[in-house]
Colleague: 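Provided herewith is a single structure, encoded as C-alpha cells, for subsequent inquiry.
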Amino acid sequence: MARNAVFDPTDTDLFNQQRQRFDWSLLKNGNVFRYDTRFHLDSTCTRLVDLGYLVHRIDGDGWTSIEDMYDAYAQAMSYDPGYGRGPDAFDDCHSEVADFTFGSDPSSTGTVLAVAGFDTVVQLDHHIAQVTLDSFARKARLACLYGHPMLCLVETTATDLGPVGGIDVYRGSLWDSEVDPPEPFGEAD
C-alpha cells in the first residue's frame, strides 16, 4: 500500500484546508509535546483518533520502576518485552514503529504514543525520561521520510525536559477547555 502525504503543498486549495487540521498545529512544531493535565492529554488524543491516528495510551501513575515503563511500552506497542531494555533497545523499538514493523499501522494517518503520569518517569530517572523522549523525536523524524507522522504526548508538569531531537519540549496545542461548572456545583450540572 502506498502512503500519501498527510499535508500536500502541491495542491494549494487542499493544503489550505489541511493546515486547518489539529495535527498540523502540532507537527509543524515538533513531535514531542507535554500537557499539564490529563484532560488536555485525553482531549488531544481524541482529536487525533478522529483524524485517523493510531493512539497508544499508557498510564505511568502506578509505575514504581523504569522497568514498569518498558513493560507498559512493550504491551502497548505489541512487541515481546524480552526485546530489550534501556535506551539503545528503546531507540531500536522506535525505529521499528517508524517503519511499521510493530506498534503502527500503514492504513492509519500516523502513530501517537500518549503517556499519562509521565512525572513518575521524571521522578524515577530524569535522564531516562529525557533520553526516551529524545529517541522518540529522532525516530519520528525518520518516520517522516516514510510519510508516517509520529507524535509523543506526555502528561507532565516538568518543564526541564530539555531539547529532544534538537527541539525543546513545549506545551502542546489545546483546542478544548475544561468545563467550568457553576458555583455551587449542583447535581443537575
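The shown structure was predicted, so the numbers you read here are calculated from the model rather than taken from an experiment.
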Colleague: Once salt bridge (charged side-chain N to carboxylate O under 4.0 Å, His left out) is applied, do any residues pair with R19, and if so which ones, sequence neighbours excluded?
Modeller: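 By the salt bridge (charged side-chain N to carboxylate O under 4.0 Å, His left out) rule, R19 matches no residue at all.
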Colleague: Rounded to the nearest 0.5 Å, what's the gap from CG on N4 to CZ on F7? Could you check?
Modeller: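 Going from CG on N4 over to CZ on F7, the span is 13.0 Å.
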Colleague: Linking I/L/V/M/F/W/Y whenever any side-chain heavy atoms sit under 4.5 Å apart, do F100 and Y79 land together?
Modeller: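 No, because F100 and Y79 fall into different hydrophobic clusters, even though each may have its own neighbours under 4.5 Å.
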Colleague: Determine whether C152 and L133 make a side-chain contact, defined as any pair of heavy atoms from C-beta on separated by less than 4.5 Å.
Modeller: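 SC-SC contact between C152 and L133 confirmed.
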Colleague: CG/D23 to CG/L51 distance, rounded to the nearest 0.5 angstrom?
Modeller: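 These two atoms lie 5.0 Å from each other.
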Colleague: Taking the side chain as C-beta and beyond, is there a heavy-atom pair between D42 and E155 under 4.5 Å?
Modeller: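 Not touching, per the 4.5 Å side-chain cut-off.
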Colleague: So, using side-chain contact (heavy atoms from CB on, under 4.5 Å) as the criterion, who are the partners of D68 when residues are at least two apart?
Modeller: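 So D68 forms a side-chain contact (heavy atoms from CB on, under 4.5 Å) with W63, T64, S65.
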Colleague: Got a sec: does the CD of Q75 have more than 12 other heavy atoms crowding it under 6.0 Å?
Modeller: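 For Q75, atom CD is not crowded (no more than 12 foreign heavy atoms under 6.0 Å).
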Colleague: In the structure I gave you, are the side-chain heavy atoms of S108 and Y53 within less than 4.5 Å of one another anywhere?
Modeller: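 They are not in side-chain contact.
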Colleague: Side-chain contact test, heavy atoms from C-beta onward, threshold under 4.5 Å: evaluate it for T132 versus M69 and give yes or no.
Modeller: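 With C-beta onward as the side chain, the pair touches.
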Colleague: Take T46 and D50 through the side chain to side chain contact (heavy atoms under 4.5 Å, CB included) test and state the conclusion after the steps.
Modeller: CA-CA 6 Å; T46 298; D50 291 346; 4.0 Å; yes
Colleague: Side-chain donor-acceptor contacts of residues 136-151 below 3.5 Å, not counting sequence neighbours, with atom names and distances?
Modeller:
from : atom 1 : to   : atom 2 : distance (Å)
R138 : NE     : D134 : OD2    : 3.1
R138 : NH2    : D91  : OD1    : 3.2
K139 : NZ     : S95  : OG     : 3.3
R141 : NH1    : G165 : O      : 2.9
H148 : ND1    : A98  : O      : 2.9
H148 : NE2    : T111 : OG1    : 2.7

Colleague: Out of curiosity, L27 CG to F22 CZ, how far, rounded to the nearest 0.5 Å?
Modeller: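 L27 atom CG to F22 atom CZ measures 10.0 Å (nearest 0.5 Å).
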Colleague: Set out, in order, the CA-CA distance, both residues' side-chain angles and the distance that settles side chain to side chain contact (heavy atoms under 4.5 Å, CB included) for R21 and T109, then state yes or no.
Modeller: CA-CA 12 Å; R21 292 176 24 168; T109 303; 3.8 Å; yes
Colleague: Do L161 and V131 belong to the same hydrophobic cluster, where Ile, Leu, Val, Met, Phe, Trp and Tyr are linked whenever their side-chain heavy atoms lie under 4.5 Å apart, directly or via other members?
Modeller: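 Looking at the clustering, V131 is in a separate group from L161.
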Colleague: Under a 4.5 Å cut-off applied to non-hydrogen side-chain atoms, are I128 and L124 in contact?
Modeller: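 Not in contact.
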Colleague: Is there a side-chain contact between V112 and H56, using heavy atoms and a 4.5 Å cut-off?
Modeller: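 In short, these two side chains do not touch, never coming nearer than 4.5 Å.
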Colleague: If you compare all heavy atoms of R57 against all heavy atoms of C45, which two are closest, and at what distance to 0.1 Å?
Modeller: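 Nearest heavy atoms, R57 then C45: NH2-CB, 3.0 Å.
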Colleague: Testing the basics here: between F33 and L26, what is the closest heavy-atom pair and its distance to 0.1 Å?
Modeller: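 For F33 and L26, the tightest heavy-atom pair comes out as CZ-O, 3.1 Å.
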Colleague: For R38, does the CZ atom have more than 12 heavy-atom neighbours from other residues, nucleotides or ligands under 6.0 Å away?
Modeller: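 Yes, enclosed.
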Colleague: Among residues at least two apart in sequence or on other chains, which ones pass side-chain contact (heavy atoms from CB on, under 4.5 Å) with Y170?
Modeller: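 For Y170, the residues satisfying side-chain contact (heavy atoms from CB on, under 4.5 Å) (neighbours in sequence not counted) are I167, D168.
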Colleague: Which atom pairs, donor and acceptor, lie under 3.5 Å between side-chain atoms of residues 114-122 and protein residues at least two apart or in another chain?
Modeller:
from : atom 1 : to   : atom 2 : distance (Å)
D119 : OD1    : T156 : OG1    : 2.3
D119 : OD1    : T157 : N      : 3.1
D119 : OD2    : T157 : N      : 3.3
D119 : OD2    : T157 : OG1    : 3.2
T120 : OG1    : G60  : O      : 3.1
T120 : OG1    : G117 : O      : 3.3

Colleague: Out of curiosity, D71 CG to I66 CD1, how far, rounded to the nearest 0.5 Å?
Modeller: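 It is 11.5 Å, given to the nearest 0.5 Å.
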Colleague: Determine the minimum heavy-atom distance between H94 and S135, stating which atoms define it.
Modeller: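 Of all heavy-atom pairs spanning H94 and S135, the closest is ND1-OG, 2.7 Å.
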Colleague: Will you find, in the side chains of T37 and H40, an N or O donor that is under 3.5 Å from an N or O acceptor?
Modeller: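 The answer is yes; a qualifying pair exists.
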Colleague: Any link between V6 and L54 through a network of hydrophobic side chains (Ile, Leu, Val, Met, Phe, Trp, Tyr) touching at under 4.5 Å?
Modeller: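 No, separate clusters.
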Colleague: Quick one: ring pair (Phe, Tyr, Trp, His ring centres under 6.0 Å) partners of Y70, sequence neighbours excluded?
Modeller: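 Result, ring pair (Phe, Tyr, Trp, His ring centres under 6.0 Å) vs Y70: F90.
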Colleague: For Y73 and C93, which heavy atoms make the closest approach, and how far apart are they?
Modeller: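 Closest approach of Y73 to C93: CE2-CB, 4.1 Å.
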